[in-house]
Amino acid sequence: MQPSLHFFTPKHQSLLQTQSPLFTCKFIVNPAKKTVPRNPLPLLSSPAPSRSPPHPEVVEPMVQRERSNVLVPQHPNYPVHLNRFQKLAAVALDKIETSVIMRLEKNHVLPKMVDPEVQISGNFAPVEECPVHHGLEVVGRIPACLRGVYVRNGANPMFAPSGGHHLFDGDGMIHAVSLGLGNKASYSCRYTRTSRLVQEARFGRCMFPKPIGELHGHLGLARLGLYMARAGLGLVDGSHGTGVANAGLVYFNGRLLAMSEDDLPYHVKITGDGDLETIGRFNFSDQIDCPLIAHPKLDPVTGDLHTLNYNVLKKPYLKYFRFDKFGRKSGDLHVDIDQATMIHDFAITENFVVIPDHQMVFKLSEMIRGGSPVVYNKNKTSRFGVLQQNDVVGSGIQWINVPNCFCFHLWNAWEEISDTGDKIIVVIGSCMNPPDSIFNESKDTFRSELSEIRMNIRTRQSTQRVIVSGMNLEAGQVNGQYLGQKTRFVYLAIADPWPKCSGMAKVDLQTGKVTKFMYGTWRYGGEPFFVPDKKQTCNRNGNEDEGYIMGLVRDEKKEMSEMVIVKGSSMEQVAAIRLPSRVPYGFHGTFISQEELRRQVI
């Protein structure tokens, strides 16, 4: 497989002022798999076809273990701006990589969680960019309230890995489905032009280490040293960030922001034609210089955007701050935790911020011992910090132990008053077991159970109960107009067979009733996204489940991708939009209404 595509870079950053050259993405393909030639894509400015082509036969590539010659071609592609000394140094470092590091890596059997043969095979394999395709086939009727663009982020590695690769390591690609009048729809997908990807495009291969897939043990330290040598010689520049922007998406204050926890967000523009264009790293008008987690929380009442930053190297390990609806930042609030901890998500209520401090921690010293820097600390007791939103110093944070709890995602939280007059914080999340399931292999059966956690602010006591047992529920949300307030329904992916998702579930939190929408045999999807019917729920006075759920689905047998739209109240499909090319399984998405797009900052 050898797709070629033209590559554009943000124009306003000094590092990225010149257009990157045409480059190719090379994967060794399993010869037993049938391949389809891929043609060069047009430039972003090229006119899009007026109508989608029929569904192409799609290859499902599998990267082989013989990776020694994948990334270092016979004639290395060194950027023209390098001087003679830099080119000589680059050749020497390449030789060290291929003759020493990669040779030693070949002697190690990769765990499944970082084996490219597993992590980027089937419909987890990457695809090339797709320009805007109009006139898509629509089965059924698109609801009138869904005028806008559904966007979903995901990992789509541009270059084949030379060592280990975790699903979270791939370059960010956004898929956009635009819904318009007259039952019309269009589709496009584009890479987010991160600083990392732009630089690697100049070399035509990976130049930055993969944080999860490669940074393990002594060879991980060697990879890190190789990167530092390249950076010290000016071959690569990490000062503009090294993130991949592949996880979360949030539309805030007129901007679509692509998020990953290792960098600032990236501002991506949605064009009038439904295409995507990377504007660049976004520092909120010079108000931040640190990474943000992938799941900021947008308060539907105040319009504030709440977020966290965690640091794996030094204290303060955790900071909380927020931006008001005009984008003005509050002061940093240092949250006192003892260890650098992976905090992928958190929750807000009307008055509080709820911060998990769980058992997945960062311990870089483990690399010296030959292990992973991401560690499951079984001796640590999981807890939640409950922080007043108006607390400016953090001294009032209350830590409440919740043993044997690891929630990678939290769906909502709210405040209640107990019979004795105590304030109770209620948290709804999916508790994952084993806690390190995403990062390490385990003999234990994977479970992700929708649970309710109740914490008494006065007594600092907690209770935990499983709402739905025997079903893995991961990735989803509540009606966003109720975020931070008591909700009755939550919409989640049925994560079975893990890590694929065979359907979506609507869970009644009061009764525990589960209403399923199953995709069908050989059909799998991802995160369902709920869009309220604003005619019914404006100002949160209507029925909470009046709206529609949308998600991307892949039929692995028919080799077709589509977006399905399901009515929230009945969980019955009302429309399906056939997409012109394969859409890999991905992460998180959002919907941007036509009204919001009119206020887009361009």
Side-chain angles (χ1 to χ4, degrees), residues 261 288 290-299 301-302 304-324 329-362 377 379-418 420-429 431 435 451-464 483-486:
E261 290 162 20
I288 62 169
C290 60
L292 306 182
I293 69 167
H295 292 286
K297 301 299 177 185
L298 186 59
D299 190 317
V301 177
T302 66
D304 291 354
L305 186 73
H306 301 257
T307 190
L308 300 173
N309 156 257
Y310 63 76
N311 191 315
V312 303
L313 298 175
K314 62 181 181 178
K315 286 189 173 184
Y317 293 128
L318 183 64
K319 293 189 296 187
Y320 159 76
F321 46 89
R322 67 179 182 271
F323 302 91
D324 68 18
K329 179 180 172 292
S330 70
D332 291 347
L333 192 149
H334 295 173
V335 181
D336 188 21
I337 57 177
D338 297 329
Q339 286 181 285
T341 302
M342 174 172 285
I343 302 176
H344 181 69
D345 202 356
F346 72 114
I348 61 171
T349 70
E350 182 179 357
N351 299 293
F352 295 94
V353 179
V354 184
I355 302 171
D357 180 20
H358 291 341
Q359 295 166 295
M360 293 304 298
V361 301
F362 295 98
N377 184 353
N379 296 320
K380 180 179 179 181
T381 300
S382 291
R383 61 180 186 166
F384 285 85
V386 182
L387 175 70
Q388 284 273 3
Q389 291 184 18
N390 59 8
D391 189 337
V392 294
V393 295
S395 58
I397 191 169
Q398 298 190 58
W399 291 104
I400 300 174
N401 288 343
V402 185
N404 303 315
C405 172
F406 176 76
C407 293
F408 199 60
H409 292 110
L410 301 175
W411 312 122
N412 200 15
W414 62 82
E415 303 162 29
E416 292 184 0
I417 301 298
S418 71
T420 58
D422 292 341
K423 180 158 286 189
I424 306 296
I425 302 297
V426 181
V427 177
I428 305 297
C431 291
S451 302
E452 178 192 76
I453 300 158
R454 301 179 69 87
M455 296 176 287
N456 188 308
I457 294 295
R458 182 183 64 83
T459 66
R460 299 195 182 186
Q461 298 295 309
S462 70
T463 62
Q464 182 179 353
L483 191 70
Q485 302 173 57
K486 187 172 184 177

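Computed from heavy atoms alone, side chains included, the values below leave out hydrogens, waters and symmetry copies.
In this structure, Asn456 CG and Ser462 OG are separated by 10.0 Å, a value rounded to the nearest 0.5 Å. Here Ile400 contributes atom CD1 and Ser382 contributes atom OG; the two are 13.5 Å apart, rounded to the nearest 0.5 Å. The line from NZ of Lys486 to CD1 of Ile428 is 9.5 Å long, rounded to the nearest 0.5 Å. For the atom pair Ile397 CD1 and Leu387 CG, the distance stands at 5.0 Å (nearest 0.5 Å). How far OG1 of Thr463 is from CD1 of Ile424: 8.0 Å, rounded to the nearest 0.5 Å. Between the CD1 atom of Ile453 and the CD atom of Gln464 there is a distance of 5.0 Å, given to the nearest 0.5 Å.
Aromatic ring pairs are classed by plane angle as parallel below 30°, tilted from 30° to 60° and perpendicular above 60°; the pair His306 and Tyr320 is parallel. Ring geometry, His409 versus His295: the interplanar angle exceeds 60°, so the pair is classed perpendicular (tilted spans 30 to 60°).
Within a 6.0 Å sphere centred on CG of Asn311, other residues, nucleotides and ligands contribute more than 12 heavy atoms.
Partners of Arg454 under the salt bridge (Lys or Arg N to Asp or Glu O under 4.0 Å) rule, at least two apart in sequence or in another chain, are Glu416, Glu452. Legend: residues meeting ring pair (Phe, Tyr, Trp, His ring centres under 6.0 Å) with Phe384, ordered by chain and number and at least two apart, are His358. The side-chain contact (heavy atoms from CB on, under 4.5 Å) search around Pro291 returns Asn309, not counting sequence neighbours. When the salt bridge (Lys or Arg N to Asp or Glu O under 4.0 Å) test is applied to Arg458, the partners found at least two apart in sequence or on another chain are Asp422. For Ala347, the side-chain contact (heavy atoms from CB on, under 4.5 Å) partners two or more places apart in sequence, or in a different chain, are Val354, Leu410, Ala413. Residues satisfying the salt bridge (Lys or Arg N to Asp or Glu O under 4.0 Å) criterion with Lys423, sequence neighbours excluded, are Glu415. With sequence neighbours excluded, the residues that form a side-chain contact (heavy atoms from CB on, under 4.5 Å) with Tyr317 are Lys315, Ile337, Ala340. A search for salt bridge (Lys or Arg N to Asp or Glu O under 4.0 Å) contacts involving Asp332 returns Lys319, Lys329, not counting sequence neighbours. The side-chain hydrogen bond (donor to acceptor under 3.5 Å, both in side chains) search around Asn377 returns Gln339, not counting sequence neighbours. In this view, Phe323 and Phe284, Phe321 satisfy the ring pair (Phe, Tyr, Trp, His ring centres under 6.0 Å) rule, not counting sequence neighbours.
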- Task: Evaluate the criterion side chain to side chain contact (heavy atoms under 4.5 Å, CB included) for residue pair Ile343 and Ile355; output intermediate values, then yes/no.
- Result: CA-CA 8 Å; Ile343 302 176; Ile355 302 171; 4.3 Å; yes
- Query: Checking side chain to side chain contact (heavy atoms under 4.5 Å, CB included) for the pair Ile425/Phe352: CA distance, chi angles, key distance, verdict?
  - Reply: CA-CA 9 Å; Ile425 302 297; Phe352 295 94; 3.8 Å; yes
- Item | Pair Met342-Val361, side chain to side chain contact (heavy atoms under 4.5 Å, CB included): steps then yes or no | CA-CA 6 Å; Met342 174 172 285; Val361 301; over 6 Å; no
- Query: For Phe346 and Ile293, what are the C-alpha separation, side-chain angles and deciding distance, and is it a side chain to side chain contact (heavy atoms under 4.5 Å, CB included)?
  - Reply: CA-CA 9 Å; Phe346 72 114; Ile293 69 167; 3.6 Å; yes
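Applying side chain to side chain contact (heavy atoms under 4.5 Å, CB included) to Leu305 and the options Leu298, Asp324, Asp299 leaves one that passes, Leu298.
Using a 4.5 Å cut-off on side-chain heavy atoms (C-beta onward), Gln485 and Val301 make contact. Residues Met455 and Val402 are in side-chain contact: their nearest non-hydrogen atoms beyond the backbone lie under 4.5 Å apart. Looking at Ile457 and Gln398, their side chains come closer than 4.5 Å, going by heavy atoms from C-beta outward. No side-chain heavy atom of Thr341 sits less than 4.5 Å from a side-chain heavy atom of Leu318.
One N or O on the side chain of Gln359 and one on the backbone of Lys380 form a donor-acceptor pair closer than 3.5 Å. Ser330 places a side-chain N or O within donor-acceptor distance of the main-chain N or O of Arg322, the cut-off being under 3.5 Å.
Applying the salt bridge (Lys or Arg N to Asp or Glu O under 4.0 Å) definition to pairs two or more places apart or across chains, those involving residues 338-354 are Lys297-Asp345. Pairs engaging residues 383-392 under the side chain to side chain donor-acceptor pair (under 3.5 Å) rule: Asp357-Arg383 [sequence neighbours left out].
Closest of all the heavy-atom pairs between Glu261 and Ala294 is CG-N, 3.4 Å.
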